[in-house]
K.L.:
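Quick one: structure below, then a few questions.
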Protein chains: 2
Amino acid sequence: MFIETRHLRSLQAIHAAGSLAKAAEGLHLTQSALSHQIKALERYFDIALFLRNTKPLTLTPSGHMLVHLAQQVLPQIETAEADLKRVASGEAGRLHIAIECHACYEWLMPVLTDFRRRWPEVEVDIRLGLSFEPIPALQRGEVDLVVSSDPLKLPDVAFAPLFDYEARLVMAAGHPLAARQHILPRHLADQTLITYPVQRSRLDVFTRFLQPAGVEPAQWRQAELTDVLLLLVASNRGIAVLPDWVLTDSHQATGLSTRPLTRRGMHGTLYAATRRAEQGCAYLQDVIALAQSGPGMR
Amino acid sequence: MFIETRHLRSLQAIHAAGSLAKAAEGLHLTQSALSHQIKALERYFDIALFLRNTKPLTLTPSGHMLVHLAQQVLPQIETAEADLKRVASGEAGRLHIAIECHACYEWLMPVLTDFRRRWPEVEVDIRLGLSFEPIPALQRGEVDLVVSSDPLKLPDVAFAPLFDYEARLVMAAGHPLAARQHILPRHLADQTLITYPVQRSRLDVFTRFLQPAGVEPAQWRQAELTDVLLLLVASNRGIAVLPDWVLTDSHQATGLSTRPLTRRGMHGTLYAATRRAEQGCAYLQDVIALAQSGPGMR
DNA sequence: CTTTTTATTGAATAATTTTCATCATGTTCA
DNA sequence: TGAACATGATGAAAATTATTCAATAAAAAG
């Protein structure tokens, strides 16, 4: 293994210029350096690359092979370097987002629509965190941003607060619980609870509301899509607990009511988790800023 | 411009091995060297290439780009290097032959048939030296071997003797001149001379036989192919001067006679001219050795 | 034939890569 | 939990490699 891109660049330049002197100028080298460089190649492979006693330096067949190689290889390297520089400057890159909280999809999409207009070269993708652990995936480099509601203290991951939300009980307008000012755990003991299809340890209703009180809902069923979930609730097949922003005016009109959990309401904060190593990345900062305006922007 | 093939090799090895330490082993480097190398890249592009806090070192998207580049580029370079080494060792290469003497085609073809069996990877080509000067072409690298009958003293071209020949007058068996023991210039003054279609300065009959005696043939006509030329001679349309080897047994049977030019006969030597720079080339040496056995081998 | 341009060469210098030694961190296993 | 082990990072020294300098040779131009 011996050929370096430097050699290929020199070879190509010499071939194009027709002389060491001219090529040296373009390469910001002395012609002596080029002479040594070529000679080193020729000595290593024990072949002549150029015929020296011709007016414009001409290539031997072997020299031609190498120039041909250079013409194939150098453009590839150059475009790769250019891409890298664009990634470094933040112009281009990858933004793979994982969302723990399923409902986040609702407000995230408009944010990303904005984002794509502002950073057209960044490749955007969303992964619903159904079957994998988002934070380890972030650490492994599989995703670049995680929307999560419980910040951790990790050495390599930073959590930036996005906005506060309130988890409220959602039910059909005529539901008996709609009569109450606020909902307590025991009120759900005889209800059918509808959630997104994730394990209960990742559902705030269970971890922060029901389990501390030792209450189990009468039934637990799941729905993948927010709209389907709301449809089930509206038709009195059960109740759900969702962030306040999910209920838009249009939903209100379809006959849904919401009530706070506990007298004070169950409040939380959404965070954007990113790798500390990439905190300087311009488009990451921007997408977080966009997200911080939150569902209110909608 | 910064990326060198060394970087690509390291990147690829690290990716394959999953750790600097293992990769370093395979590359015959220390782990430290690799660490510095990668760090230099990362600093130059201001980008992370690997995530360090993962067990098997994982690539960032940018790192992936570079490994991908390496996988594209390195094989190309490696095959080029392998090709160069084969050329250097003489296994492969190019053998473009120019022949000044047109008749040489006759004995050269069987030699080349042999040659191609022995050096299948060498690309063989023959150029009839009709309209170009073979020796300058050799110097310019357009051809690699010239068959010539007049050796020159040149600093960059070597002439290796192949074999001696005798130029003889060829005529129809019943031709009046066939009665003579040997032919003198004046005997051709009333004859039609048939030659290959090249300028007279490159025909021995003129330069070494007729011109020194101040004799002109009655007519001069030309034929491109040896067989056509002999056909014309056999049908008494003229006479020709050809090297002795051209007349095979089969030609004798078609009713052709030959006689020496001057009492002593006009003898000459064929040479193989090659660039001194390439004299060490194995297949060049071999083709010369094959040619030295000459037309007698046929 | 001289002048100018261009390439080669060896030695000196500059730049770089690599190694060494050490440290920091993390993992494994008792 | 802590000791042993493995892995990567780091700075300084060492080694290697590339480049320049200066002198020379060679070839084209005038």
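Quick note on labels: first sequence line is chain A, next is B, and so on, each numbered from 1.
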K.L.:
Test side-chain contact (heavy atoms from CB on, under 4.5 Å) on B/Leu270 and B/Phe163 and set out the steps.
P.N.:
CA-CA 6 Å; B/Leu270 274 187; B/Phe163 54 84; 3.7 Å; yes
K.L.:
If you check the B/Thr30 side chain, which of D/dC21, D/dG8, C/dC20 turns out closest?
P.N.:
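For the B/Thr30 side chain, the nearest candidate turns out to be C/dC20.
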K.L.:
Which whole-number value in Å describes the distance from B/Arg6 CZ to D/dA18 C1'?
P.N.:
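Between C1' of D/dA18 and CZ of B/Arg6: 11 Å.
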K.L.:
Mind calculating the distance between CZ (B/Phe2) and P (C/dA15) to the nearest angstrom?
P.N.:
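Spelled out: CZ on B/Phe2 to P on C/dA15 is 15 Å.
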K.L.:
Does a sphere of radius 6.0 Å around NE2 in B/His96 hold more than 12 heavy atoms from other residues, nucleotides or ligands, not counting ones at 6.0 Å or beyond?
P.N.:
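Check passes, neighbour count above 12.
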K.L.:
Just compare D/dT7, C/dT19, D/dT19 and give me whichever is closest to any side-chain atom of B/Lys22.
P.N.:
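Comparing D/dT7, C/dT19, D/dT19 against the side chain of B/Lys22, the answer is D/dT7.
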K.L.:
Output the rounded distance in Å from CG (A/Asp156) to C1' (C/dG26).
P.N.:
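After rounding, the gap between these two atoms is 13 Å.
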K.L.:
Rounded to whole angstrom units, what separation is found between the CD1 atom of A/Ile38 and the C1' atom of D/dA18?
P.N.:
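A/Ile38 atom CD1 is separated from D/dA18 atom C1' by 13 Å.
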K.L.:
Closer to the 5' end of DNA chain C via nearest nucleotide, is it B/Ala40 or A/Ser19?
P.N.:
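Nearest-nucleotide comparison on DNA chain C picks A/Ser19.
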K.L.:
So what does A/Ala21 touch, heavy atoms closer than 4.0 Å: a base, only the sugar-phosphate, or nothing?
P.N.:
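Sugar-phosphate contact only - A/Ala21 comes under 4.0 Å of backbone atoms but never of a base.
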K.L.:
Out of D/dT20, C/dT19, D/dG8, which nucleotide sits closest to the side chain of A/Leu29?
P.N.:
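Within the option list, the nearest is D/dT20.
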K.L.:
Evaluate the ring planes of B/Tyr44 and B/Phe2, with Trp represented by its six-membered ring, and classify them as parallel (under 30°), tilted (30 to 60°) or perpendicular (over 60°).
P.N.:
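Geometry flag for B/Phe2 against B/Tyr44: parallel rings.
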K.L.:
Of all the nucleotides listed (D/dT7, C/dT19, D/dT20), which has the minimum atom distance to the side chain of A/Ala33?
P.N.:
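Given the options D/dT7, C/dT19, D/dT20, the side chain of A/Ala33 is closest to D/dT20.
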K.L.:
Could a donor-acceptor pair under 3.5 angstrom be found where the side chain of A/His36 meets the base of C/dG10?
P.N.:
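Yes, a donor-acceptor pair under 3.5 Å.
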K.L.:
For a quick check, tell me whether the side chain of A/Ser35 and the base of C/dT9 share a donor-acceptor pair closer than 3.5 Å.
P.N.:
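Side chain to base: no pair below 3.5 Å.
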K.L.:
Once you apply a heavy-atom cut-off of 4.0 Å, does A/Ser32 come out as touching a base, just sugar-phosphate, or nothing?
P.N.:
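Here A/Ser32 touches the bases of the nucleic acid.
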K.L.:
How many Å lie between CG on A/Leu57 and C1' on D/dA26, as a whole number?
P.N.:
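Interatomic distance, CG of A/Leu57 to C1' of D/dA26: 13 Å.
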K.L.:
Using a strict threshold of under 4.0 Å (side-chain N to carboxylate O), is an ion pair present between B/Asp144 and B/Arg275?
P.N.:
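Salt bridge between B/Arg275 and B/Asp144, a charged N being under 4.0 Å from a carboxylate O: yes.
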K.L.:
Residues in side-chain contact (heavy atoms from CB on, under 4.5 Å) with B/Glu142, at least two apart?
P.N.:
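Result, side-chain contact (heavy atoms from CB on, under 4.5 Å) vs B/Glu142: B/Arg127, B/Ala137, B/Arg140.
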K.L.:
Between A/Arg52 and D/dA26, is there a contact of a side-chain N or O with OP1 or OP2 at under 4.0 Å?
P.N.:
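It does not, given that no N or O in the side chain of A/Arg52 lies less than 4.0 Å from OP1 or OP2 of D/dA26.
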K.L.:
Can you check the A/Leu34 CG to C/dT6 C1' distance for me, whole Å?
P.N.:
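In whole Å, C/dT6 C1' lies 12 Å from A/Leu34 CG.
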K.L.:
Where the side chain of B/His7 is concerned, which of C/dT17, C/dA7, D/dT19 is the nearest nucleotide?
P.N.:
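Closest nucleotide among those given: C/dT17.
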K.L.:
Looking at C/dT18, C/dA7, D/dG8, which one has an atom nearest to any side-chain atom of B/Leu20?
P.N.:
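For B/Leu20, the side-chain atoms sit closest to D/dG8.
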K.L.:
Rounding to an integer number of Å, can you tell me how far A/Leu49 CG sits from C/dT8 C1'?
P.N.:
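Taking atom C1' of C/dT8 as the reference, CG of A/Leu49 is at 16 Å.
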K.L.:
Can you tell me if B/Lys39 touches the phosphate of D/dT10, counting only side-chain N or O atoms and a distance under 4.0 Å to OP1 or OP2?
P.N.:
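So the side chain of B/Lys39 is within the cut-off, an N or O lying under 4.0 Å from OP1 or OP2 of D/dT10.
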K.L.:
Can a side-chain donor-acceptor contact be found between A/Arg9 and A/Thr5 if the only test is distance below 3.5 angstrom?
P.N.:
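A/Thr5 vs A/Arg9: donor-acceptor pair found between side chains.
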K.L.:
In whole angstrom, what separates A/Gln37's CD from D/dT16's P?
P.N.:
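Interatomic distance, CD of A/Gln37 to P of D/dT16: 20 Å.
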